[in-house]
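In what follows, a single structure is set out as structure tokens and then discussed.
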Amino acid sequence: MAFENAAFTATLTAAAGDDPALLSELRGAFRESLAQQIDLLHRSRCDGNWLVAAQRIKGLAASFHADELIVLAQSAIDAAPGDPVALRGLDRFLTEFDRVTPD
């Protein structure tokens, strides 16, 4: 799954305007928050912790209009804690996100 960044980029550009430093900062904050929540999912051992982390990912994705991530987060919400398919999908998304350089 390749990271589809059109809506995400448009959202960041609208928020940052013509400030490339702010654009970079917002992108970094998104990435850091996503990585932290994915890490929490990997370490979750109960339904509650898993659900909270997955819901936070979905909220983050919705805030930035990252539609692919919304779908992946919903899959994690619907899955059991530690579900390897859900974790692999989110890990793959983060890896692809890291590969995409901002325009």
Side-chain angles (χ1 to χ4, degrees):
M1 172 184 300
F3 172 65
E4 176 57 47
N5 66 348
F8 175 81
T9 300
T11 301
L12 286 183
T13 301
D18 293 331
D19 187 343
L22 180 57
L23 182 63
S24 178
E25 186 176 333
L26 288 172
R27 184 177 169 83
F30 173 86
R31 194 251 180 247
E32 183 179 328
S33 182
L34 177 58
Q36 181 181 28
Q37 295 309 315
I38 291 172
D39 179 59
L40 289 173
L41 277 181
H42 277 281
R43 295 185 290 122
S44 292
R45 298 294 175 250
C46 70
D47 293 347
N49 290 342
W50 175 271
L51 186 59
V52 168
Q55 289 174 332
R56 286 180 179 165
I57 292 170
K58 187 174 181 181
L60 177 68
S63 296
F64 284 87
H65 301 281
D67 296 334
E68 289 177 68
L69 186 55
I70 292 171
V71 171
L72 291 169
Q74 185 61 52
S75 294
I77 289 168
D78 296 338
D83 182 280
V85 173
L87 291 170
R88 275 194 305 267
L90 290 164
D91 288 340
R92 192 174 316 118
F93 181 92
L94 186 58
T95 298
E96 289 298 320
F97 181 81
D98 288 343
R99 287 185 185 153
V100 173
T101 56
D103 295 336

Would you tabulate the side-chain donor-acceptor contacts of residues 49-66 under 3.5 Å, counting partners in other chains and residues two or more places apart, or write 'none'?
unit_1: Trp50; atom_1: NE1; unit_2: Ala76; atom_2: O; d: 2.6
unit_1: Lys58; atom_1: NZ; unit_2: Gln74; atom_2: OE1; d: 2.4
unit_1: Ser63; atom_1: OG; unit_2: Gly59; atom_2: O; d: 2.9

Let me have the donor-acceptor pairs involving side chains of residues 16-26, under 3.5 Å, with sequence neighbours excluded, atom names and distances please.
unit_1: Asp19; atom_1: OD1; unit_2: Ala21; atom_2: N; d: 3.0
unit_1: Asp19; atom_1: OD1; unit_2: Leu22; atom_2: N; d: 3.2

Working to the nearest 0.5 angstrom, can you tell me the gap between Leu34 CG and Asp98 CG? 9.0 Å
Please tell me whether Ile77 and Leu72 are part of a single hydrophobic cluster in this structure, the criterion being side-chain heavy atoms less than 4.5 Å apart. no
Under 30°, 30 to 60°, or over 60°: which ring-plane class applies to Phe8 and Phe97, parallel, tilted or perpendicular? perpendicular
Roughly how far, to the nearest 0.5 Å, is CG of Leu87 from CD1 of Ile38? 8.5 Å
Test side chain to side chain donor-acceptor pair (under 3.5 Å) applied to Gln36 - qualifying residues, sequence neighbours left out: none
So which heavy atom on Ala79 is nearest to which on Asp83, and how close? CB-CB, 3.6 Å
Taking Ser75 for the side chain and Val71 for the main chain, is one N or O donor matched with an acceptor at less than 3.5 Å? yes
Atom CD of Gln37 and atom CD of Glu32: how far apart are they, to the nearest 0.5 Å? 11.0 Å
